[in-house]
Amino acid sequence: MIGLDAPRQAEASAAQAGDAAHGARFADAFRASETPMVMTDPGRADNPIVFANPAFCRVTGYEEHEVMGRNCRFLQGPDTDPAAVARVRQAVAQGEPVQVDILNYRKDGRPFWNAMTLTPVRDERGTLSTYFALLSDVTGTRQAELALMREKEVLARDIEARNRALQAALDQQTALLHEVDHRVKNNLQVISSLVLLKARRAQDAACREVLRSMADRIGALATVHRLLYTLDDVSRFELRDFAADFAIELEAGIDPERIALTVDVEAVAVPASMAAPLALLMHELATNAVRHAFPDGRRGRVALTARREGEHLVLEVWDDGIGLSDAPANPEAFGRDLVGMLVRQLRGSLVVEDLGPGTRAHVVLPLGPDSGPGR
Amino acid sequence: MSGPALRVLIVEDEAFIALELECLIEEAGHVAVGVATRSQEAVALARDLSPDVALVDVHLADGPTGIGVAQDLSARPGTTVLFTTANAKRVPPDFAGAAGIIAKPYSERVIRAALAYVAWRRHGGASTEPPDGVVLSPAIRGDAAPDPDLPD
């Protein structure tokens, strides 16, 4: 085995040890190895080098005689990390093995990254006899790693800058949306106020009634706009929320003793583009029933239902009033025309059944691919 | 209408909205005591007229100053502030002292119901359901200190 000191001394004491040939073969193997190796003697002052193989000399650029008897610190230079040096020093002081990547310098001053393994060697009695170091020039790998790290940093900074730009653009868009939303709502309030002011001043009862019904339609649109953008998904509109709001407004205008209103609308998130015509359609159908199905103080019931059936929305307004055939002729029939136009706009179909007594309007509307179940 | 008439100050820069509100308030049996279109005017009118209720828009002729107006007016004993705004997101979490928010576009029914609710609470009426269409402030909802302007 490798003795207390160095292979040379091991060779010298080979005869006594009785395994001279064995020891010499080991020493030859160390000398022939392509791995740079060095041994130091901690038993002597300043832990000097007592063995260095030719591979070590090739990597460091020093001749063997130039390194023998010197402490390994001559390999350090200006950019050697003091923390790495401290790690080695601590391991040596505690007699423990250490693996460290450390920047070393060749004789000609060129630096190289040294991945070093330092192992303390003990004799049979457990006494620390030798430090054995394996060196590896990892400059190439290290440079590639550094380049990769720098590239990653550049990329990360780039992504961060892009994210900031995107966030700024999004913030601006959101602010714009809020601004437009605010203006639309405010304008709807102005329009509604104008119509209601004119209705208050109209002398003619019929004229007043027309203006009031227009204000109601504007009110239905206003409700839509108040509810738009309240979902997380701004492209959708929750029909149930509209129906709840609309039902309260409708109920406020009727005598609950005379007409019982029931509203049963499922949670359906419809595309925002459908919101306004759909709201107007519900308003027209329900208002027609409430206004025209119960003349002369007649009592009855009105039911508004809406549910999703596959890719379609099924909307029904039912009443047990006088029915179509008994209704007085309405030459203007604006509400009925409006219903027809809205159903066409929404690409749906409408069936109005005369239940005699009573009427049922059955509307089927395609919801489109971007609709989904409500909350 | 329930309870005595309320004296209402309108703080709104849109002339038509303000005028229609005046008509509606009178029709509901209350008294519209004045209309302010700017923040300073609102504060001065409130000082001179001591209204029971102020309906305050967030955006006034001098900018988004309705929040400050609400703070000032709600600090006056005896004045209940309600926001009427299309920009409810601008109202701070404590409602700047206001009792509630009526989101624009509102219907006449909501204004009537809100005023009736305030009248009920001011005159010690039996507790009623909060009116639909009005978002009440945390203080009024009862999870904080009771509002001094709205005795229960």
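Each chain gets a letter, A, B and so on, in the order its sequence line appears, and its residues count up from 1.
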| Taking C-beta and beyond as the side chain, do Val110(B) and Glu249(A) meet within less than 4.5 Å on heavy atoms? | yes

| note | CD1 (Ile17(B)) and CG (Leu194(A)) are apart, to the nearest 0.5 Å, by 9.0 Å

| message | Please evaluate residues Lys198(A) and Glu20(B) with respect to the criterion salt bridge (charged side-chain N to carboxylate O under 4.0 Å, His left out), reporting the C-alpha separation (whole Å), side-chain torsions for both, the decisive distance (0.1 Å), and the verdict. | response | CA-CA 10 Å; Lys198(A) 182 68 187 164; Glu20(B) 156 48 33; over 6 Å; no

| Spacing of CD belonging to Glu14(B) relative to OG belonging to Ser193(A), to within rounding of 0.5 Å | 8.5 Å

| task | Could you tell me the separation between the NE2 atom of His178(A) and the CG atom of Asn87(B), rounded to the nearest 0.5 Å? | result | 8.0 Å

Using residues 260-269 of chain A as the side-chain source, report each donor-acceptor pair under 3.5 Å to any protein atom, sequence neighbours left out, with the distance given to one decimal.
unit_1, atom_1, unit_2, atom_2, d
Glu266(A), OE1, Arg308(A), N, 3.1

| message | Please determine whether the number of non-hydrogen atoms from other residues, nucleotides or ligands lying under 6.0 Å from atom CZ of Arg201(A) exceeds 12. | response | no

| request: For the pair Glu179(A) and Lys89(B), find out whether any cationic side-chain nitrogen is under 4.0 Å from an anionic carboxylate oxygen. | output: no

| message | Under a 4.5 Å cutoff for heavy-atom pairs, which residue among Pro105(B), Gly133(B), Ala18(B) has the most contacts with chain A? | response | Pro105(B)

| said: Thr84(B) vs Gln189(A), test: side-chain contact (heavy atoms from CB on, under 4.5 Å). Steps then yes/no. | reply: CA-CA 11 Å; Thr84(B) 53; Gln189(A) 192 73 60; over 6 Å; no

| field | Structural part of Leu24(B) lying under 4.5 Å from a heavy atom of chain A | value | both

| request: Report yes if the side chains of Cys23(B) and Leu197(A) come closer than 4.5 Å at any heavy-atom pair, otherwise no. | output: yes

| query | At their closest point, which heavy atom of Ala252(A) faces which heavy atom of Arg109(B), and how far apart are they? | reply | CB-CD, 3.3 Å

| query | When you look at CZ of Arg183(A), are more than 12 heavy atoms from neighbouring residues, nucleotides or ligands closer to it than 6.0 Å? | reply | no

| query | Rounded to the nearest 0.5 Å, what separation is found between the OG1 atom of Thr85(B) and the CG atom of Asn186(A)? | reply | 8.0 Å

| query | What's the spacing between Ile248(A) CD1 and Ser107(B) OG if we round to 0.5 Å? | reply | 9.5 Å

| query | So, are Glu26(B) and Arg200(A) salt-bridged, with charged N and O less than 4.0 Å apart? | reply | no

| request: Would you mind checking which part of Asp132(B) comes under 4.5 Å of any heavy atom in chain A, side chain (CB onward), backbone (N, CA, C, O), both or neither? | output: side chain

| said: Is the shortest side-chain heavy-atom distance between Lys104(B) and Leu188(A) below 4.5 Å? | reply: no

